[in-house]
Every structure is written in C-alpha cells, then in structure tokens.
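Count residues from 1 along the sequence. Ligands are counted one by one from 1 in listed order, and the atoms in each one are counted from 1 as well. Since this is a predicted model, take the numbers as computed values, not measurements.
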Amino acid sequence: MFMAHNINQLPEDVVEKIAAGEVIERPASVLKELIENALDARATRISITIEEAGFGLIKIRDNGAGIAAEDLPLAIKRYATSKIRNAADLFSISSMGFRGEALASIAAVSRMKITSAVDQSGLGATLSCNGGTVSATAPASHTQGTSIEIRDLFFNVPARKKFMKSHRSERNALLRLVEQLAAAAPSTHFSLQLEGKKSIDTPVAKSLHVRISQIAGTEFGKHLIRSQYAQPGIDCTIYLTPPEMGSAKPRFQILYVNLRRVDSPAVIAAVREAHGAFTSGELKPAFFCFIDIEPRRIDVNVHPTKKNVKFENERLVYKVAYQAARNGLAQLMGHSGDTARTYATPPESSASIAKRPLAIHETPTEEAAYRTARLVSDDTGARQTGFAFPATPDSGKKQLDSPQDNRVQLAGNVQDEVAGLISCYQIHERYVLAPIKNGILLIDQRAAHERILYEQALENLTKGQSESQQLLFPIVLELTPAEKNVAASAQRYFVSFGYEIRDFGGTSVAISAIPSFMKDSAAADAVRTTINTLLDEGDMNRIAEPAHRFSAAFARGAAIRAGQKLETEEMNALLNNLFSTENPYIGPDGRPTVVRISLDELSRRFLR
Ligand code: ADP
Ligand code: MG
C-alpha cells in the first residue's frame, strides 16, 4: 500500500537491479506513465487533454491521493518512488509504476508543470521543470488530486522528434492507449479531449463488460462472450467475439496481467487457436483477456516500459487462456458444460435396452458403434454411401481438459420424449436444422460427415492398421493410367486403413479387403473418389502431410452427399458424431460445418 506522503530514494542496490532504459519514446509512452500514476493514486476521475498529437500539450488531471508539497521535488527525481522500498519488493509488485523514473525522464525532455493537493482544503503546491531545470515549489490552489501539464515534448531532443511518426499515427496511438487503459479500470471515469474533440468519455462502469462496451461500442459489447477458467494460482477471464464476428484484423486483441496492459504472443496464439476451431483460419476474434496471477510468478521488469511480461510458466498461461476461450466459444456454439440434456441416442430397437440420454463421451464403444451404424442402416441400402463409422474408442480422451466439450445442450422443448431423440429437420436434403438452448444450428450434412470421417481416417492412419474384412469376391476397379499411379503411391495409406488393393493387370486394381466398418459398395466407391481427389495433388510420397491429405480425400469420397434424405435417427447420429470430433465447426477443407443463429439474432431480425 503506498502513501502519498513519503517518497523514498531507492537504495543503490535496487538502482543496480533495475535495468536502465528509456521510458520515453513517444507521446503515448508519456501518457501511459501519467495515467498509470493516476491509477496508482486511486483516482476515480481522469481527464486528459491532447494537443498537436501530444507534442504540443499532454495534460492530465486526476482526483487521486495527490502529492504533498514537500514531496513534489522528489517526485521528479530519478529513482524516487513511493512504491518500492527494497530489492525484495521488486519481485512482488502489484502497482503499475515502480521504477521511479518516469516523471524524471519526462521532465528532462519537456516543459512540465505539476500541481497537486493531498486533501480537500483547496490548497496545494505547484512546481515547474524546464528540460530538467526545476523551479521552486510554490503554493497553488487545487482540489485533491494531481494535474500535470507537459508542453513541447522533445523540444530539447531534436533527434528524437525527427524520428517520430506522423501526427496521425501518434494520435491513433494515444487514442488506443487510453482505450486500453480505460478498459481495465471500470471504476475510473476517463475522458479524453483530443485536438479539441471529445474522443472518449467513460463514466464509472459497474463491470468490465460494461466498460468494454463503453470503449468498443454497445453493439460490440452485446455479442461478447464472457468466459472464465482458473488453475491454482492463475485465473483467466476473457471477453471475446463470437465466431461470426471474427475479422481479418480485429481492433482489440488485448491482454492484461493483474490489470496491467501487456503483450504476450503466447496468449494471443492461445485465443486464436481456440477460436480457429470454430471458424476458418483467416478470421480472428477480438478479445479482452484478463489474467490474474500471483505477482511472484511473473517478471514485469524485462522491458523498460514494462510492456512485456515474462511468465514463470508460459505453458500454463497458454493453457488457461486457451481453455477460457475454448469453453466460452463451445458453450455459445451449443456445447454445454453443465449436466443439462444432451443429444440422445437413437432408439434401441430392442426393448431390453433401456432408453436413456447419453453424453457422447460417456458412450461405451459398442453402443456408439451401434448408434453410428444406424446413420446408414440396412433399410437404407439404396443410399449411395453405405458407410458407417465406428465410435472412436478413445474419443473421450481429448475431452480430459474440458469434459464438457462433447455435449450438446438442447432447447428444452425439442426433446422427443418418446423416441429419446431430438427433433431435427432436414432442409432441401442438404442441411440439418437443430434447435439448441439459445438458438438454432444449421448443419451442412456433407461437410459435417466429412469432418467425422476425416478425424476417423486420420486416427486410423496414425494408429496403424485398422480392422479389415476380407471380401468373398474382390471388387475390380478399372482405372486410368494416372489413377493407377496414384493408387500405387497411396497404397500404404489404403492398407493402414484396412484395405487390400492389388494390381489386377493393365490399368485395373482389385480390392480384396475393406475396412470392417464399411459396406462393400461404399468402400469401393470411396477408393475411386479418394484416388480422384488425390489425383490433383500428385504423388503421395511427395506431398506434404500425406496422412492429412489422404484422410481429407477419403472423407470427401465417402461422405454423404447433398440430396441424400436423412431420417431423424440419422440426423441425431450425425450430430452426435459431429460433436464428438475435435473440431466440429470446420470441415477438413476449411469450410464451416455449422452455422449458428442465436435467439438474439432472430429477435433482431424479427424486430423484437
Ligand atoms: P513511479 O510511478 O515508478 O513511482 P514516477 O516517476 O512515475 O515513478 O512517479 C514518482 C512518484 O511521484 C510516484 O511514486 C508517486 O509517489 C508520485 N506521483 C506521480 N504521479 C502521481 C499522481 N498522479 N498522483 C499521486 N502521486 C503521484
Ligand atoms: Mg509511474
């Protein structure tokens, strides 16, 4: 806890421990130090005035603790700080500024005037400093708090001024800075007057969410997902945009550690990674991520302006940010973390098997295999793709980190109690419509099935040979010479998938065994389509990531098509299996599998 009345000179050894460095690079770095000082002084009101992109004037007034008259000269002295006493303190810092050199550095390169008062008597003191030459302290009238005016920044450092970017980019940097600092301080009213224009005005907000809306816009705030994830000693709360609001260059991707604005590529990567599972690669989320961590687990002193933090355990930070983002998105997209209803299994034909809804990851393998087999059941033999996929026996393992991932929460009124199925609707023999708790899902049946098959295939390939069944009569495929070449180079992939494919003379091949979970006709069809898909890519031995390519090609060959009619059981199985996959929201080729429309969105469209 720091007090307004005692500013101490740091002992020499502490001075040694603080890496020397320039704090003041540009107007925005001046303003950052000044705002952080005001926040450290517990100000609830901070008004900022900027002229000439900060080169002419930076003025900040706060209603914080103030600086006592006798402390004013010390405040602008290098290594004078009220926030640190000895070297040990350095490692458990929670206030923002602690280096005790910001004001001194700024004073050295500008004309500075500080006026401050520590109580409501109306009487305070003022002090001016002109490029490092300090005036005498004089009494001045001021309400409690501090006003600092910085004029003619870098007036005595012409070289620095020359290297500054345009006024426009400086103004932009100043604006961003205030946005970012204000976003994390909802109980402080910020206002920014930029070149005579009121640019920011954020009255005290009752939550971070409200404050973020003040900064980024109410419409933006309305869509934000809030999600939290904690591990011992670390806690992450993230506000991020839903997948449909992603953009190539989001304006906000901001991280705070203990409410201090910092950069961490690991956290950005984690959030993007989590978001990437729900949308195709180019779209990135906007987010405000708040990490709370024990101060001794970070080193904030690695950079003179303290923008980069070093985490003791960066992987843990990555994980926590990833899980927070992922859980929030998964919940929004229809997965649910609680024990609410889940997609039910298709009805058992035998009355001896009790009907009960099952969460997918709890499903025993056999039963899952049965369920999935129903996707293309025998009575639909006319279908072009007689393909059923077994449940992945260890499909539960990837849920260990977030056990809720595999569940789909349904709207309360859609469960068909009798059949134990949820009511899905097939639209244009192409899309499946399913109600979820907060809206509806539209699933592209082909893309969804491709995702399921793709993951299945990839797993089979990485696990090695999967079960195969010998055919009584080999199926002979007539191929073109080019197709036959591809078949030969992809041979070992087919083999590890359970196929046996032999040269049958000329340009023919014979299929004598197929994966045990496929039906004959579909299995042969899949071989041909896989070969054709691979044909564009050339020799399997030369392409990058062959297992991925093969699996994608195979999924494409074997997936149900548009135009194929699905029964309710099949749609349920499709949904169940889709949401058992690692990445339910994108097909192997990167196209979306699912479009979600929230009730909010529907209400808006209907002008409710
Ligand atoms: P630091 O913030 O690292 O301590 P600074 O050079 O930024 O160093 O500030 C020096 C000291 O001046 C601070 O420790 C604090 O006691 C005092 N100070 C600066 N700005 C304010 C302010 N707005 N309100 C109250 N005290 C301030
Ligand atoms: Mg400071």
Side-chain angles (χ1 to χ4, degrees), residues 1-11 14-15 17-25 28-49 58-87 89-90 92-110 112-120 124-129 132 134 137 140 142-150 177-178 181 185 188-190 259-261 300-301 303-307:
M1 207 45 228
F2 94 96
M3 313 280 287
H5 292 273
N6 43 16
I7 296 181
N8 308 296
Q9 291 270 129
L10 289 180
V14 179
V15 172
K17 290 205 175 188
I18 300 175
E22 277 216 81
V23 183
I24 304 309
E25 295 161 341
S29 41
V30 171
L31 185 59
K32 174 174 183 281
E33 296 295 334
L34 298 178
I35 294 176
E36 289 184 346
N37 279 348
L39 290 172
D40 280 348
R42 306 266 180 273
T44 56
R45 181 83 176 89
I46 298 177
S47 328
I48 302 153
T49 307
I58 297 174
K59 192 169 141 190
I60 176 168
R61 181 178 182 131
D62 69 59
N63 65 350
I67 307 171
E70 65 272 23
D71 284 340
L72 270 182
L74 268 180
I76 57 166
K77 213 166 160 181
R78 201 168 288 271
Y79 306 127
T81 175
S82 57
K83 300 167 196 170
I84 186 171
R85 296 299 156 86
N86 56 50
D89 276 3
L90 260 185
S92 56
I93 280 301
S94 55
S95 70
M96 302 205 191
F98 58 88
R99 300 163 53 86
E101 60 178 316
L103 284 186
S105 306
I106 299 166
V109 295
S110 68
M112 177 190 275
K113 186 174 159 199
I114 310 182
T115 310
S116 192
V118 293
D119 55 32
Q120 295 292 10
T126 186
L127 176 140
S128 301
C129 185
V134 187
T137 308
H142 200 277
T143 52
Q144 185 182 336
T146 305
S147 294
I148 301 186
E149 275 179 39
I150 317 276
L177 175 85
V178 180
L181 295 182
T188 302
H189 181 166
F190 283 79
L259 291 182
R260 185 200 308 268
R261 158 87 184 94
V300 286
N301 205 21
H303 187 274
T305 58
K306 297 161 281 165
K307 221 180 162 212

Give a yes or no on whether the backbone of Thr115 and the side-chain of Ser147 come within a donor-acceptor separation of less than 3.5 Å.
-> no
Would one find an N or O of Asp62, backbone or side chain, under 3.5 Å from an N or O of ligand 1?
-> yes
Shortest non-hydrogen pair, Glu33 vs Ala102, comes out as OE1-CB, 3.3 Å
Heavy-atom nearest option to atom 7 (O) of ligand 1, drawn from Ile35, Leu103, Asn37, Val118 | Asn37
Heavy-atom donor-acceptor pair, Glu149 side chain to Met112 backbone, under 3.5 Å = no
Consider only side-chain N and O atoms of Asn63 and Thr143, and report whether a donor and an acceptor are under 3.5 Å apart.
-> no
Under 4.0 Å from a heavy atom of Ala41: give me the atoms of ligand 1 that qualify, with their elements.
-> 24 (N), 25 (C)
Result of checking Thr126, Thr146, Asp71 against Ser116 for side chain to side chain donor-acceptor pair (under 3.5 Å) | Thr146
May I ask whether Gly66 places a heavy atom under 4.0 Å from ligand 1?
-> yes
So the atoms of ligand 1 within less than 4.0 Å of a heavy atom of Ala102 turn out to be 6 (O), 7 (O)
